[in-house]
Student: 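Pasting a structure here, questions to come.
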Amino acid sequence: MLKLDKLPDRTPVKISITVMPDLAHTLADYAAIYARTYGEKAEVPDLIPAMLESFLASDRAFAKARKEQAGEG
């Protein structure tokens with residue numbers, strides 16, 4: 001048996017969302033500030049997955065509830 005487990009499924013899943021105009025403008029502003037900060041343009045659809053990952057990783061209540069849910073199974 002190898003020490004490294006089999007890699008998980010890494011096939012991207014496309015999710016479409018609709019946002020309100022205010023959020024669309026905010027996301028566009030974020031992308032513009034990102035480009036100025038890092039000197040590299042990034043489109044909003046490319047930033048959203050990283051934003052969601054960061055948000056979920058920082059939500060302690062979610063992590064605790066998810067861990068408790070996993071213990072139930």
Side-chain angles (χ1 to χ4, degrees):
M1 181 67 86
L2 295 176
K3 188 168 187 157
L4 180 66
D5 290 336
K6 183 178 177 186
L7 294 176
D9 183 5
R10 296 177 290 157
T11 305
V13 177
K14 183 173 178 119
I15 299 174
S16 297
I17 64 168
T18 303
V19 299
M20 300 307 271
D22 286 348
L23 180 54
H25 293 298
T26 301
L27 290 168
D29 289 346
Y30 192 97
I33 294 167
Y34 178 95
R36 281 199 310 269
T37 301
Y38 296 109
E40 199 172 291
K41 185 177 180 181
E43 299 296 329
V44 169
D46 297 323
L47 292 172
I48 290 174
M51 291 172 162
L52 289 172
E53 285 180 14
S54 177
F55 175 83
L56 292 172
S58 68
D59 188 332
R60 291 179 185 238
F62 170 69
K64 181 180 177 189
R66 191 173 190 205
K67 185 176 180 180
E68 290 169 357
Q69 178 180 320
E72 293 173 3

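This structure is a prediction, so every number in the text was calculated from the model and none was measured.
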Student: Atom CD1 in Ile17, atom CG in Leu23: separation rounded to 0.5 Å?
Tutor: 7.0 Å
Student: Please report the shortest heavy-atom distance between Ala31 and Ala42, naming the atom on each side.
Tutor: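 Scanning both residues completely, I find the closest heavy atoms to be CB-O, 3.6 Å.
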Student: If hydrophobic clusters are built by linking Ile, Leu, Val, Met, Phe, Trp and Tyr wherever their side-chain heavy atoms come under 4.5 Å apart, do Tyr34 and Met51 end up in the same one?
Tutor: yes
Student: Distance from Tyr30 atom OH to Ile48 atom CD1, nearest 0.5 Å?
Tutor: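 Rounded to the nearest 0.5 Å, the OH-CD1 separation comes to 11.5 Å.
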Student: Answer yes or no: is there a donor N or O on one side and an acceptor on the other, between the side chain of Thr26 and the main chain of Asp22, under 3.5 Å?
Tutor: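 Yes, because the side chain of Thr26 sits within donor-acceptor range (under 3.5 Å) of the backbone of Asp22.
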Student: Examine Val19 and Phe55 and state if one hydrophobic cluster contains both, with Ile, Leu, Val, Met, Phe, Trp and Tyr joined whenever side-chain heavy atoms are less than 4.5 Å apart.
Tutor: no
Student: Among the clusters formed by ILVMFWY side chains lying less than 4.5 Å apart, do Ile15 and Val44 turn up in the same one?
Tutor: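 Result: yes, single cluster for both.
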Student: Evaluate the side-chain proximity of Leu27 to Leu47: yes if any heavy-atom separation is below 4.5 Å, no if none is.
Tutor: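 A side-chain contact is absent here, since even the closest heavy-atom pair is not under 4.5 Å.
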